[in-house]
Asks: 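Pasting in a structure now, in structure tokens, and then I'll have a few things to ask.
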Amino acid sequence: MKKAWWKEAVVYQIYPRSFADSNGDGIGDLRGIIEHLDYLENLGVDVIWLSPVYASPNADNGYDISDYYAIMEDFGNMDDFDELLQKAHEHHLKIVMDLVANHTSDEHQWFINSKKSKDNPYHDYYIWKDQPNNWGSVFGGSAWQYDENLNQYYLHNFAIKQPDLNWENPKVREGIYKMMKWWCDKGIDGFRMDVISMISKDQSFPDGPVPEGSEYGDGTPYVVDGPRIHEFLQEMNHEVLSKYDLFTVGEAPGIPVDRALKYVDGDRHELEMLFTFDHVSLDGGEYGKWSDKRTDLVDLKKTLMKWIKACEKNAWNSLYLDNHDQPRAVSRFGDDREEYREMSAKCLALTLHMMRGTPYVYQGEELGMTNYQFTSIDECRDIEEINTYKDLVDDRHIYTGEQMLRYISSKGRDNARTPMQWNDHDQAGFSSGTPWINVNPNYKTINAAAQVDDENSIYNFYKELIKLRHTYDVIVYGDMELLEPDSHELFAFTRTLGDQTLTVLANWTDHEVTHNIPVSGQILIANDEELIPHKLKPYQAIALISNK
Ligand code: GLC
Ligand code: CA
């Protein structure tokens, strides 16, 4: 396996709106991030992935960009960005930008021109049809929006305010590549590419199969992993990516392993890593992700291993348990009850960070931040939650409000978006004003100030895990094999490189478990170092290293 800096890196994701508010308007901003670079450097991560900071009317919190060359006013300005980039580099932190190129905002100049007339040179920058097909949008409703002036419909796979770009048009691609180069020339270190697997659409735009209980057809077979996707990515690589030393990770929901590998195959010159979704799609309900079901551990292990194994030969994997679109890891996969929260957060962290691939830490995960209990839809800010509540509760009466709020509190995206908990002061030290979304009331006990100097804290456990990854090649490059794959309680595996073997034993339950795995070697890290032969305490997790 060829070595590369991005294979050895640990990434920290910042959702700027919720990270730190420097000026008291209730919204996180770039200066807020600058103020906390010491915290990140101390944690030891290598890369910051910034969720979008570009100009945006915020229909989808920045994933609807109105100007790729400007900073969202709420977040500051380009001088703040330049300062952030420079100071981050001084703190040995690289900056990876979010690239949202499947769609723009309907307030982007391209779209404003596009809808002026059918013969406007920008009309063909987006996907217009005289008749819509039956596709539904990811955020509910039809994926087509009627425009009276043109008497045509435009495609929006996400919100109405997020029209899809027409990648068939070479001018669109040129425009995107030019913008990417502009950011690279500024000195950024890479891109996380938003729903990049959706940029090539089947040009016949056929109706999709209508899932049971849905009013709309499923367009994904014609949108995801479309006919020209690899041609576009190779072109992008040739025009932009190959000219710089970049970190690239593509968000790629809904693609089976064999096809996904083509995006990241070491010889194909497309992307370096993908975010796949199989492992975060195991606990859904009848209507998509909305449920309070838990993920079965055997399914989870199998799913993660499938991707890790596939990448072993000539590709690279990314490792994550949460992000800005997912609920909090400790609430979803661990146990956020007071007596287990700390142990289980460390257990998840140890498991993930000892696996093969590049690990991602989502802001607050390193503190064991938990889901929020939403008691009214008025507390929700996420367009997906709000649209779904309207559809499933108000319009179709499929769930009661109470049920839906339970599902939102369990799977909704706002769980990840409550403000970062810095200390036990008012508003968790996030803002001196009123935050745009409620702070989780548990900030009094769960916060950074309480953890940074406590050597037994979750934060310092992450710090230790990151340091180990930077020290032991076996953690980065070693082959991985599951142990007791059919255990519903134990997440155990080995990593092997040369004559070094790492053994990882993690009890993912709240009770003691017994096992038959022979244990030898020296403890590298553990959330409880007491080794009882063939037994693990609740949420106990241990990594041992041995040489042949
Ligand atoms: C991606 C982003 C998500 C956004 C969507 C549309 O899935 O992660 O936050 O809503 O794309 O841009
Ligand atoms: Ca602010």
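Along the sequence shown, the residues carry numbers beginning at 1. Order of appearance sets the numbers: ligands from 1, and atoms from 1 within every ligand.
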Asks: Closest to the Ca ion (ligand 2), which N/O/S atom of Asp25 is it?
Replies: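 Going through the N, O and S atoms of Asp25 one by one, OD1 ends up nearest to the Ca ion (ligand 2).
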Asks: Where do Tyr63 and Phe158 land on the ring pair (Phe, Tyr, Trp, His ring centres under 6.0 Å) test, with the steps shown first?
Replies: CA-CA 10 Å; Tyr63 283 92; Phe158 293 88; 9.2 Å; no
Asks: Hey, what's the angle at the Ca ion (ligand 2) spanning OD2 (Asp29) and OD1 (Asp21), nearest 10 degrees?
Replies: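 Between OD2 of Asp29 and OD1 of Asp21, at the Ca ion (ligand 2), the angle is about 90°.
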Asks: Examine Ile27 and say whether one of its N/O/S atoms is closer to the Ca ion (ligand 2) than 3.0 Å.
Replies: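 Yes, since at least one N, O or S atom of Ile27 sits under 3.0 Å from the Ca ion (ligand 2).
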Asks: Enumerate, atom names and distances included, each donor-acceptor pair closer than 3.5 Å involving a side-chain atom of residues 34-41, sequence neighbours excluded.
Replies:
from	atom 1	to	atom 2	distance (Å)
Asp38	OD1	His91	NE2	2.7
Tyr39	OH	Glu366	OE2	2.7

Asks: Verify side chain to side chain contact (heavy atoms under 4.5 Å, CB included) between Asp164 and Asn102, making sure each step is shown before the conclusion.
Replies: CA-CA 6 Å; Asp164 280 53; Asn102 175 67; 3.1 Å; yes
Asks: Can you see whether Trp6 engages Thr358 through a side-chain donor-acceptor pair at a distance of less than 3.5 angstrom?
Replies: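 The answer is no; no qualifying pair exists.
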Asks: Using the ring of each side chain (for Trp, its six-membered ring), is Trp128 parallel, tilted or perpendicular to His123, with breaks at 30° and 60°?
Replies: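 Geometry flag for His123 against Trp128: parallel rings.
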Asks: Output, in order, the C-alpha distance, side-chain angles, deciding distance and verdict of salt bridge (Lys or Arg N to Asp or Glu O under 4.0 Å) for Lys94 and Asp46.
Replies: CA-CA 6 Å; Lys94 296 187 190 285; Asp46 308 277; over 6 Å; no
Asks: Starting from the C-alpha separation in whole Å, work towards a yes-or-no answer on side-chain hydrogen bond (donor to acceptor under 3.5 Å, both in side chains) for Tyr287 and Asp391.
Replies: CA-CA 11 Å; Tyr287 298 88; Asp391 178 34; over 6 Å; no
Asks: At a heavy-atom distance under 4.0 Å, which protein residues reach ligand 1? Sort them by chain and number, would you?
Replies: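 These residues qualify: Asp60, Tyr63, His103, Phe139, Phe158, Gln162, Arg192, Asp194, Val195, Glu251, His324, Asp325, Arg413, Arg417.
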Asks: Is the Ca ion (ligand 2) under 3.0 Å from any N, O or S atom of Ser22?
Replies: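 Not a single backbone or side-chain N, O or S atom of Ser22 is under 3.0 Å from the Ca ion (ligand 2).
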Asks: Just checking, any donor-acceptor pair under 3.5 angstrom between side chains of Tyr459 and Asn42?
Replies: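 Note: Tyr459 and Asn42 side chains meet the donor-acceptor criterion.
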